[in-house]
Amino acid sequence: MQNRLEIYNSITRSKEPFKPLHPPFVGLYVCGPTVYSDAHLGHARPAIVFDLLFRYLTHLEFKVRYIRNITDVGHLENDADEGEDKIEKKARLEHLEPMEVVQKYLNNYLRNMEQLNVLHPSIEPRASGHIFEQQKLVKSILEKGYAYEVNGSVYFDVLKYNEKYHYGKLSGRVLEELQGSTRSLEGQDEKRNPFDFALWKKATPEHLMKWPSPWSEGFPGWHLECSAMSIKYLGETFDIHGGGMDLQFPHHECEIAQSTAGLGKETVKYWMHNNMITINGQKMARSLGNFITLDQLFSGEHALLQQSYSPMTIRFFLLQAHYRSTVDFSNEALQAAEKGYRKLMKGIETLSKLKPSPASTIDISSLKNKCYEALNDDLNSPVLLSTLFDVIRNINSAYDGNEKLNAADIDSLKNLFSIFVNDILGLKDETSGKGSEKLTGDLMKIIINLRQDAKSRKEWALSDHIREELKKAGITLKDLKDGAEWEVE
Ligand code: ZN
C-alpha cells in the first residue's frame with residue numbers, strides 16, 4: 001500500500017500527511033448540486049476532482065464512505081436568505097411540481113456524470129428527506145444559545161458564536177470587515193446583524209415546499225442540510241469535506257459554525273476546495289452568454305463552440321490542471337486536450353501491439369513510483385499525466401526498435417495503465433470500438449459532406465445510392481437547405 005498521500009487543508013493553509021480518523025475507514029462529504037437547471041461546466045469540475053480523490057483513496061485500500069448531497073429545497077435565489085427558492089421559481093416557470101423539477105434536472109445531472117465516468121458516491125442524500133435531522137440540529141443550536149427566533153424564523157447568532165469560537169477561520173474573513181460590507185437587504189430586519197443567517201425560515205402562504213416545525217410551517221436554510229446530513233452519515237467528526245471554492249464562504253463557513261455550535265466541537269478534519277472555471281478568461285455567467293451546459297459541450301451546439309467535445313476530452317482537460325488552479329476553457333485548449341487524450345489512448349494501443357524482446361532497457365518501477373509520488377503530492381494529476389506521457393514516449397521508442405521491453409515488463413506497463421489511466425484517472429477509451437457516439441457523429445459528417453459534393457456535381461445516382469445504403473443500415477437522412485440531418489431508426 002502506498003499510503004503517503006498529502007493533501008492541502010484549506011483551514012491550515014498547508015499540505016498535511018493524510019491520516020484517517022478511523023483507518024481503514026474514510027468519511028468524505030462533498031457538496032453536490034442544487035438541481036434546478038441543466039448541469040454545466042461548473043458541475044463537472046468538483047465532480048471529477050472528488051471522483052479522483054475517491055478513486056485514489058479506494059485504490060489505496062481505504063474503505064471510503066463518500067456522500068454527495070442533492071439540494072432540492074431551501075437554496076434561495078441570492079445566498080443571503082432572500083428571494084424565491086430556486087427550484088420553486090423554476091417550477092412556476094415550467095408549470096411543474098417542484099419535485100418534478102428536481103427529478104428532471106437530477107436525471108440530467110446523473111446522466112452527464114455517467115458520461116464523464118464519474119463514479120456514484122456511496123450515498124446521495126436529499127435535503128428534503130432530512131428535515132427531521134435539520135430541525136434536531138436547529139433545536140440543539142437554540143438550546144446552546146447560538147440562535148434566536150423571530151416571527152417563526154430562526155437565525156444563527158454570528159456575534160454570539162464568535163465570542164467563544166472563530167467565525168471566519170476557513171475563509172479568512174474578518175467579522176468587522178463583514179459588518180461593513182454585508183448589505184442590509186430589505187426584509188432582513190428580522191436579523192440582529194446582516195451577517196446572521198437563516199437556520200429555519202417561516203414560509204409565506206404561497207410557498208410550496210414547507211414542513212411543520214416548533215417555530216412555524218417553513219423550510220430549512222440552505223447551509224443547514226450539509227451539517228445535518230454529514231453528521232448523520234459520517235458521524236460527529238469525519239475526515240474530508242470538499243466542494244468548489246465558491247462554497248468556502250458563506251456556505252462552508254456557516255456549516256462549521258452550525259456544527260460547532262450544535263455539537264460543541266468541530267466536525268471536519270480536512271477541508272479541500274477545487275478552484276473555479278473561466279471561459280476565455282471570463283467568469284461563467286448566464287448574463288455573459290458564455291454559460292455552456294454539458295449537453296451543449298458534448299453536442300457542440302453553442303455559439304462559442306467550434307465543434308463538439310467528448311466527455312473523455314472534458315475529463316482529460318480538467319485533470320490536466322491541478323484542482324487548486326483555475327482552469328480556462330477555450331476551443332484551442334479543448335482541442336489540445338482532445339489531441340492529448342487521443343495520444344494517450346493510442347500509446348496504450350501501441351503497447352498491445354509490441355513484440356516482447358528478450359531483455360528490457362526501461363526502468364518500469366521508477367516510472368510507477370513517479371506516478372504514485374505525483375498523486376501523493378496533493379493529487380497532482382497534471383504531473384501524473386506528464387509521467388504517463390513519458391511512459392508513452394518509451395513505448396513508442398520500443399515500437400520503433402530504439403528501446404527494448406520484455407514480456408514481463410509489457411505486462412507491468414499494461415497493469416500500470418489499467419491502474420492509473422482507467423481506475424484512478426477514470427479515463428476510458430472512447431476513440432474506438434462500438435457505441436462510440438463521437439466516432440459515429442464524425443463519420444456521418446464525412447458521409448454527408450461526400451453526398452453534398454456528389455449533389456453539387458449533379459451526380460444524383462451516387463447521392464441516391466448513399467441515401468439507400470444508409471437506409472439499409474438503419475439511418476435516415478433528412479435533407480436541409482445546406483446539408484442534411486441524420487437519425488437512427
Ligand atoms: Zn453543502
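Residues: numbered from 1 along the sequence shown. Remember, it's 1-based here, ligands and their atoms both numbered in the order they're listed.
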**Item:** Option among Phe62, Tyr66, Tyr29 that satisfies the ring-ring contact (aromatic ring centres under 6.0 Å, His included) test with Phe54
**Value:** Tyr66
**Asked** Are His223 and Glu253 close enough that a side-chain donor and a side-chain acceptor fall under 3.5 Å?
**Response** no
Atom pairs and distances, side-chain donor-acceptor, residues 125-136, under 3.5 Å, sequence neighbours left out:
{"from": "Arg126", "atom 1": "NH2", "to": "Gln103", "atom 2": "OE1", "distance (Å)": "3.4"}
{"from": "Ser128", "atom 1": "OG", "to": "Asp72", "atom 2": "OD1", "distance (Å)": "3.4"}
{"from": "Ser128", "atom 1": "OG", "to": "Asp72", "atom 2": "OD2", "distance (Å)": "2.6"}
{"from": "His130", "atom 1": "ND1", "to": "Arg126", "atom 2": "O", "distance (Å)": "2.7"}
{"from": "His130", "atom 1": "NE2", "to": "Tyr233", "atom 2": "OH", "distance (Å)": "2.6"}
{"from": "Glu133", "atom 1": "OE2", "to": "Lys232", "atom 2": "NZ", "distance (Å)": "2.9"}
{"from": "Gln134", "atom 1": "OE1", "to": "Glu225", "atom 2": "N", "distance (Å)": "3.3"}
{"from": "Gln134", "atom 1": "NE2", "to": "Ala127", "atom 2": "O", "distance (Å)": "3.1"}
{"from": "Gln134", "atom 1": "NE2", "to": "His130", "atom 2": "O", "distance (Å)": "3.2"}
{"from": "Gln135", "atom 1": "NE2", "to": "Pro212", "atom 2": "O", "distance (Å)": "2.9"}

**Fill in**
With a cut-off of 2.8 Å, strictly less than, protein N/O/S atoms near the Zn ion (ligand 1) add up to 3
**Request:** Flag this pair as yes if the NZ/CZ of Arg68 is under 6.0 angstrom from the six-membered ring centre of Phe50 and inside a 45 degree cone about the axis; otherwise no.
**Result:** no
**Message:** Using ring centroids (six-membered ring only for Trp), state whether His251 and Phe197 fall under 6.0 Å.
**Reply:** no
**Prompt:** Above 12 or not: heavy atoms from other molecules or residues under 6.0 Å from NZ of Lys89?
**Reply:** no
